[in-house]
Engineer: 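Pasting in a structure now, in structure tokens, and then I'll have a few things to ask.
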Amino acid sequence: MSSEQNLINTWLSFTRVHAELSNELDRMLQARHQTTLNEFYVLLFLSKTPEKKLRLLELQQLVGLSQSAMSRLSVRMENKSCGVIQRLGYEDDRRGVCAIITDRGEVRLQEILDTVNETLEKSLKNSDIDTVLKLFVQKNGLQENE
């Protein structure tokens, strides 16, 4: 098999693993927390910043959503999800909107993290995902702790 074909096969394996994990996480989060994977990502990214806030534009890029999808998601999370985030105008730019994780959002994130970790551990043990990821790392000369 050519190196180009190996590269394509590695890429296909990687995207399959990513899709399987994402789908399983989304199913578990919906079932246990009535939360989507994207809502989890928003809470996670907000919680990791020193000020617990980000511009919606930054969140949009981190989560991988369009501007309109990020706007709809943030409104839903502020209203429907019991106020897990708060949207505010940005101090130095009245056109910009930022999102801040609330105390309720921090608590919700901790509950969700248990499910995420449990699902990832189970998925990595019960499938060939771990093997595929290790092969991907080896084939591409990456180190696991990078």
Side-chain angles (χ1 to χ4, degrees), residues 1-82 84-88 90 93 95-102 104-146:
M1 192 176 326
S2 72
S3 66
E4 287 179 353
Q5 189 61 43
N6 277 336
L7 186 60
I8 290 170
N9 288 340
T10 300
W11 173 248
L12 292 173
S13 294
F14 179 77
T15 57
R16 180 183 56 80
V17 166
H18 179 267
E20 287 176 9
L21 275 172
S22 294
N23 290 339
E24 182 61 18
L25 283 169
D26 204 41
R27 276 191 298 275
M28 293 303 293
L29 291 174
Q30 288 282 353
R32 292 187 184 175
H33 304 283
Q34 296 73 51
T35 299
T36 66
L37 188 56
N38 284 337
E39 290 170 338
F40 163 69
Y41 287 148
V42 167
L43 293 175
L44 182 68
F45 292 133
L46 288 173
S47 75
K48 296 216 176 272
T49 64
E51 296 179 339
K52 307 293 184 194
K53 74 178 179 179
L54 286 169
R55 290 180 182 266
L56 286 188
L57 178 62
E58 293 172 286
L59 272 174
Q60 166 194 333
Q61 293 166 345
L62 289 168
V63 178
L65 297 174
S66 68
Q67 182 180 2
S68 60
M70 185 69 241
S71 181
R72 287 190 307 272
L73 178 62
S74 65
V75 167
R76 190 170 65 239
M77 291 180 74
E78 184 176 38
N79 297 330
K80 173 204 118 180
S81 299
C82 305
V84 293
I85 68 167
Q86 182 179 9
R87 294 171 356 120
L88 301 170
Y90 221 80
D93 181 0
R95 297 170 296 162
V97 176
C98 69
I100 300 171
I101 190 169
T102 63
R104 184 173 284 173
E106 294 264 17
V107 170
R108 184 122 171 102
L109 176 61
Q110 291 309 308
E111 296 167 356
I112 292 168
L113 279 170
D114 290 339
T115 299
V116 169
N117 287 323
E118 177 187 318
T119 303
L120 288 174
E121 285 176 9
K122 181 181 174 193
S123 294
L124 291 174
K125 286 181 183 173
N126 292 338
S127 71
D128 64 341
I129 292 173
D130 193 41
T131 303
V132 170
L133 288 175
K134 284 179 182 172
L135 286 172
F136 180 79
V137 168
Q138 289 172 353
K139 284 182 180 181
N140 294 289
L142 302 172
Q143 299 209 342
E144 291 186 58
N145 57 359
E146 284 186 336

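All residue numbers in this chain count up from 1 along the given sequence.
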Engineer: Take Gln30 and Thr36, measure what side-chain contact (heavy atoms from CB on, under 4.5 Å) needs, and give me the verdict at the end.
Structural biologist: CA-CA 6 Å; Gln30 288 282 353; Thr36 66; 3.1 Å; yes
Engineer: Under the side-chain contact (heavy atoms from CB on, under 4.5 Å) criterion, do Arg108 and His33 qualify, and how do the steps go?
Structural biologist: CA-CA 9 Å; Arg108 184 122 171 102; His33 304 283; 3.9 Å; yes
Engineer: Ignoring hydrogens and angles, tell me if any N or O in the side chain of Asp26 forms a donor-acceptor pair with the backbone of Ser22 under 3.5 Å.
Structural biologist: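 Side chain of Asp26 to backbone of Ser22: no pair is present.
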Engineer: Evaluate Lys52 against Glu106 for salt bridge (Lys or Arg N to Asp or Glu O under 4.0 Å), listing each step before the verdict.
Structural biologist: CA-CA 10 Å; Lys52 307 293 184 194; Glu106 294 264 17; 3.8 Å; yes
Engineer: When rounded to the nearest 0.5 angstrom, what is the spacing between OG1 in Thr35 and CG in Leu25?
Structural biologist: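 It comes to 12.5 Å.
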Engineer: Given Val84, which partner from the list Val42, Leu43, Val107, Leu109 fulfils the side chain to side chain contact (heavy atoms under 4.5 Å, CB included) test?
Structural biologist: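 Checked Val42, Leu43, Val107, Leu109 against Val84; only one passes side chain to side chain contact (heavy atoms under 4.5 Å, CB included): Leu43.
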Engineer: Is it true that Glu39 and Arg76 make a salt bridge, defined as a side-chain N closer than 4.0 Å to a carboxylate O?
Structural biologist: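 Salt bridge: yes.
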Engineer: With rounding to the nearest 0.5 Å, note down the distance linking CG in Asp114 to OG1 in Thr119.
Structural biologist: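 The distance works out to 10.5 Å.
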Engineer: In sequence, state the C-alpha distance, the side-chain angles, and the governing distance for Thr49 and Phe45, and then conclude on side-chain contact (heavy atoms from CB on, under 4.5 Å).
Structural biologist: CA-CA 7 Å; Thr49 64; Phe45 292 133; over 6 Å; no
Engineer: Start with the C-alpha gap between Asn23 and Arg27, add the side-chain angles, then the distance that decides, and say whether side-chain contact (heavy atoms from CB on, under 4.5 Å) holds.
Structural biologist: CA-CA 6 Å; Asn23 290 339; Arg27 276 191 298 275; 3.7 Å; yes
Engineer: Between Lys122 and Glu118 (salt bridge meaning N to carboxylate O under 4.0 Å), is one present in this structure?
Structural biologist: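 So Lys122 does not pair with Glu118 through a salt bridge.
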Engineer: Using modelled atom types only, decide if a donor and an acceptor are shared between the side chain of Gln60 and the backbone of Met70 within a distance under 3.5 Å.
Structural biologist: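 Between the backbone of Met70 and the side chain of Gln60 there is no qualifying donor-acceptor contact (under 3.5 Å).
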Engineer: How many angstroms lie between CG in Leu46 and CD in Gln86, if you round to the nearest 0.5 Å?
Structural biologist: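 With rounding to 0.5 Å, CG (Leu46) is 11.5 Å from CD (Gln86).
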Engineer: To the nearest 0.5 Å, how far apart are CD1 in Ile85 and SG in Cys98?
Structural biologist: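 Between Ile85 CD1 and Cys98 SG, I get 9.5 Å after rounding to 0.5 Å.
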Engineer: To the nearest 0.5 Å, how far apart are CG in Asn38 and CG in Leu65?
Structural biologist: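 Between Asn38 CG and Leu65 CG, I get 4.5 Å after rounding to 0.5 Å.
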Engineer: Hey, is the main chain of Gln67 close enough, under 3.5 Å, to the side chain of Ser71 for a donor-acceptor pair?
Structural biologist: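 The answer is no, because no donor-acceptor pair under 3.5 Å joins these two groups.
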Engineer: Going from OG on Ser74 to CG on Asn79, what distance comes out if it is rounded to the nearest 0.5 angstrom?
Structural biologist: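 Ser74 atom OG to Asn79 atom CG measures 9.0 Å (nearest 0.5 Å).
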